[in-house]
Amino acid sequence: MTSYDDANIFARILRGEIPSHRVYEDAETIAFMDVMPQGPGHLLVVPRAPSRNLLDAAPDTLARLMPVVQKLARAAKVAFAADGVTVMQFNEPASGQTVFHLHVHIIPRFAGEPLHPHSGTMEKPEILAEHAERVRAALAAG
Ligand code: 5GP
């Protein structure tokens, strides 16, 4: 398997070299808005530990990641008054993965509304900022 390259975009976001609309962080994980959302409120949950994807991740990393995914999926559903939430994760280019640091997508869903294309259109920063604020508020409300 190809090895982990720490010049990837999410490693740079983790190091603070590139800005992001962060909604959550703890000792092991961060979460921020996807800049090309497939729907309003599309979040990415990213462990700090380096791995390309699920295939080379340490089981410990995965075990600590999922409770955060659940917390954020619940918050995103409330924040956007969504009918459901899609949680997805890609492994290697053939699957659709484009950034090679493990991450989980969380996308609020609305009955009858399809997803926008993957890595499609950049969202305006002011919209991402407003959406991030909604998620933070939902997290704070518990
Ligand atoms: P993947 O295809 O690897 O599963 O998902 C990568 C995701 O990262 C895509 O949904 C894409 O829109 C998003 N993305 C790509 N570049 C950036 C960036 O610089 N910042 C943020 N916040 N998201 C990004």
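Note that the numbering runs from 1 along the sequence shown for the chain. Counting starts at 1 for both ligands and their atoms, in listed order.
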What side-chain donor-acceptor pairs closer than 3.5 Å can you find for residues 24-41, not counting sequence neighbours?
from: Y24; atom 1: OH; to: D26; atom 2: OD2; distance (Å): 2.7
from: E25; atom 1: OE1; to: R22; atom 2: NH1; distance (Å): 3.2
from: E25; atom 1: OE1; to: R48; atom 2: NH2; distance (Å): 3.1
from: D26; atom 1: OD1; to: E28; atom 2: N; distance (Å): 2.8
from: D26; atom 1: OD1; to: T29; atom 2: N; distance (Å): 2.7
from: D26; atom 1: OD1; to: T29; atom 2: OG1; distance (Å): 3.3
from: D34; atom 1: OD1; to: M36; atom 2: N; distance (Å): 2.8
from: D34; atom 1: OD2; to: H42; atom 2: NE2; distance (Å): 3.4
from: Q38; atom 1: OE1; to: H118; atom 2: ND1; distance (Å): 3.0
from: Q38; atom 1: NE2; to: H116; atom 2: O; distance (Å): 2.9

Do F90 and H103 have their ring centres less than 6.0 Å from each other? no
Shortest non-hydrogen contact between F80 and V135, atoms and distance: CE1-CG2, 3.8 Å
For E113, salt bridge (charged side-chain N to carboxylate O under 4.0 Å, His left out) partners two or more places apart: none
The complete set of salt bridge (Lys or Arg N to Asp or Glu O under 4.0 Å) pairs with one or both residues in residues 66-82, sequence neighbours excluded, reads none
Can you name the residues that come within less than 4.0 Å of ligand 1, going by heavy atoms only? I9, F10, I13, F32, M33, D34, V35, M36, L44, F90, G96, Q97, T98, V99, H103, H105, H118, S119
Is the shortest distance from a Lys or Arg side-chain nitrogen in E126 or K124 to a carboxylate oxygen in the other one below 4.0 Å? no
